[in-house]
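Residue indices begin at 1 and follow the sequence shown. We count ligands from 1, going down the list as the structure has it; atoms in each ligand are counted the same way.
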Amino acid sequence: MKKVLIATDKPFAPIAVSQIREVVEKAGYELRLLEKYTSQAQLIEAVADVDAVIIRSDLATKEVLDAAKNLKIVVRAGAGYDNIDLAAATANGIVAMNTPGQNSNAVAELAFGMMVFQIRNAFNGKSGSELRCKKLGIHAYGNVGKYVAKIAKGFGMEVYAFDPFVKAEDIESDGVKVVGSVEELYATCQYISLHIPANEKTKKSIGYNLLKSMPEGACLVNTARKEVINEAELVKVFEERKDFSYLSDIEPDNKTEIAEKFAGRYLFTAKKMGAQTEEANINAGKAAAEQIVAFFEKGDVTFKVNK
Ligand code: 3PG
């Protein structure tokens with residue numbers, strides 16, 4: 001009997017776990033659960049004899065993958081797979097997958113929740129402003145970016161996007177204006193919503209020059225990854241621009257410094273909350289389980305992300 005482990009430091013909603021269980025047990029496999037674990041050692045122990053594992057932002061490091069002697073497939077229930085050591089997976093003959101698009105709406109909604117919080121002064125009683133007619137730049141027009149555009153139009157925002165990997169006509173058909181460079185996007189838009197993945201090319205790529213060029217009342221919304229921000233340069237921008245604010249779905253490494261110096265101009269979630277809805281948990285978790293069953297039963301590797 002195949003063993004499937006759900007290893008989630010930040011657990012799925014119980015309803016998602018029961019729907020994952022249904023998929024796994026219907027296939028005749030056993031489901032195991034490791035939630036809220038407190039050390040990598042617990043994860044390493046739990047993967048020792050399983051055939052498949054479903055993770056979220058959990059770290060599938062070389063050490064973990066080397067210890068998983070029976071593991072054939074690891075599925076990141078979500079979009080970003082920067083938490084999986086892909087080279088180690090490949091070296092161990094393990095297929096790595098993600099579940100693209102399954103939690104995108106949840107992430108997009110959070111971006112707006114954060115923007116409304118910021119533009120209404122954290123609901124402190126003082127007059128704020130409105131998102132309507134403000135310019136929003138979507139940096140990377142993937143699954144989340146597309147939902148962000150749709151919601152932004154509902155708010156009556158003017159929506160721009162930059163993504164060299166998506167055809168301009170595909171973006172324009174959503175009623176979104178395409179700009180020719182990342183510099184133009186930041187120089188045009190008061191609000192920027194970041195949706196780039198964290199990889200060797202993008203890490204620390206958002207820094208002083210881009211943020212300095214943003215229009216009056218600049219606000220950077222990061223529901224992507226903290227790693228894409230150059231945090232030292234972010235502080236410099238905070239210092240030079242009293243009108244700049246930063247909203248991030250996960251605390252930056254220099255959170256204490258920002259909190260001490262720039263009160264009222266930031267919002268950080270303590271745990272990554274973008275995908276933390278029942279709907280997103282069900283969609284991404286079930287997709288992961290179904291992909292595992294399709295892989296074992298039919299050799300389906302549609303969402304494979306390693307070579
Ligand atoms: C993703 O890449 O899908 C999101 O960052 C969600 O991450 P999470 O599953 O850890 O909440």
Side-chain angles (χ1 to χ4, degrees), residues 4-17 19-20 33-38 40 43 52-61 64 74-86 89 96-114 138-148 163 165 193-203 206 220-229 247-253 267-292 303-306:
V4 179
L5 171 74
I6 299 177
T8 47
D9 158 47
K10 183 179 62 190
F12 289 124
I15 186 172
V17 175
Q19 294 197 21
I20 294 169
L33 202 52
L34 174 72
E35 292 181 324
K36 293 186 189 172
Y37 55 94
T38 48
Q40 279 293 94
L43 178 59
V53 62
I54 297 172
I55 55 171
R56 297 185 62 179
S57 291
D58 307 80
L59 299 179
T61 58
V64 171
V74 52
V75 184
R76 194 280 188 244
Y81 44 87
D82 46 306
N83 52 323
I84 304 177
D85 186 328
L86 295 182
M97 291 187 186
N98 66 345
T99 65
Q102 301 291 348
N103 57 22
S104 308
N105 182 63
V107 178
E109 285 191 13
L110 183 78
F112 284 89
M114 295 170 94
I138 302 175
H139 188 171
Y141 203 76
N143 292 309
V144 183
K146 236 174 141 51
Y147 276 110
V148 166
D163 192 329
F165 303 104
S193 193
L194 261 180
H195 304 291
I196 53 176
N199 57 40
E200 287 323 306
K201 283 202 181 117
T202 62
K203 279 183 188 163
I206 309 302
L220 177 67
V221 186
N222 183 4
T223 53
R225 292 287 182 273
K226 65 177 178 176
E227 289 81 2
V228 302
I229 306 292
L247 317 175
S248 178
D249 182 20
I250 196 72
E251 297 166 334
D253 293 337
L267 169 63
F268 303 142
T269 57
K271 283 233 174 211
K272 198 160 175 51
M273 288 303 295
Q276 200 58 327
T277 65
E278 284 190 347
E279 293 89 335
N281 291 172
I282 291 169
N283 292 344
K286 262 182 81 181
E290 282 160 1
Q291 287 171 213
I292 287 168
F303 295 102
K304 185 173 175 187
V305 292
N306 59 333

Answer yes when Asp9 and Lys36 have at least one side-chain N-carboxylate O distance shorter than 4.0 Å, and no when they do not. no
So which of Arg225, Arg56, Gln276, Lys10 gets nearest to atom 2 (O) of ligand 1, if we judge by its closest heavy atom?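 Result: the heavy atom closest to atom 2 (O) of ligand 1 is in Arg225.
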Partners of Asp163 by salt bridge (charged side-chain N to carboxylate O under 4.0 Å, His left out), sequence neighbours excluded?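 For Asp163 there are no salt bridge (charged side-chain N to carboxylate O under 4.0 Å, His left out) partners, ignoring immediate neighbours.
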Are side-chain N/O atoms of Thr269 and Asp249 paired as donor and acceptor at under 3.5 Å?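 Checked: Thr269/Asp249 side chains pair up, N/O donor to acceptor below 3.5 Å.
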List for me each residue that meets side chain to side chain donor-acceptor pair (under 3.5 Å) alongside Asn103, sequence neighbours excluded, and say none if there are none.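 Per chain and number, Asn103 pairs via side chain to side chain donor-acceptor pair (under 3.5 Å) with no residue.
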Applying a strict 4.0 Å limit to heavy atoms, is Gln102 in contact with ligand 1? no
Those atoms of ligand 1 less than 4.0 Å from some heavy atom in Asn103: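 Result: 1 (C), 3 (O), 6 (C).
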Ligand-side contact atoms (ligand 1) for residue partner Gly80, heavy atom cut-off under 4.0 Å: 1 (C), 2 (O), 3 (O)
Is [X] touching ligand 1 with its side chain, its backbone, both, or neither, if touching means heavy atoms under 4.0 Å apart?
{"X": "Arg76", "answer": "side chain"}
{"X": "Val107", "answer": "neither"}
{"X": "Met273", "answer": "neither"}

Give the residue, atom name and distance (to 0.1 Å) of the protein heavy atom nearest atom 10 (O) of ligand 1. Ser57 OG, 2.5 Å
Identify the closest protein heavy atom to atom 3 (O) of ligand 1: which residue and atom is it, and at what distance?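 Its nearest protein heavy-atom neighbour is Ala79 N, 2.7 Å.
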Quick check for you: to the nearest 0.5 Å, what is the distance between Met114 atom CE and Phe268 atom CZ? 8.5 Å
Report yes if some N/O of Gly78 lies less than 3.5 Å from some N/O of ligand 1; otherwise report no. no
Ala275 N/O under 3.5 Å from ligand 1 N/O: no
Could you please spell out the steps behind the side chain to side chain contact (heavy atoms under 4.5 Å, CB included) verdict for Asp58 and Tyr37? CA-CA 10 Å; Asp58 307 80; Tyr37 55 94; 2.6 Å; yes
Test log, rule side chain to side chain contact (heavy atoms under 4.5 Å, CB included), inputs Lys203 and Val228: CA-CA 4 Å; Lys203 279 183 188 163; Val228 302; 5.6 Å; no
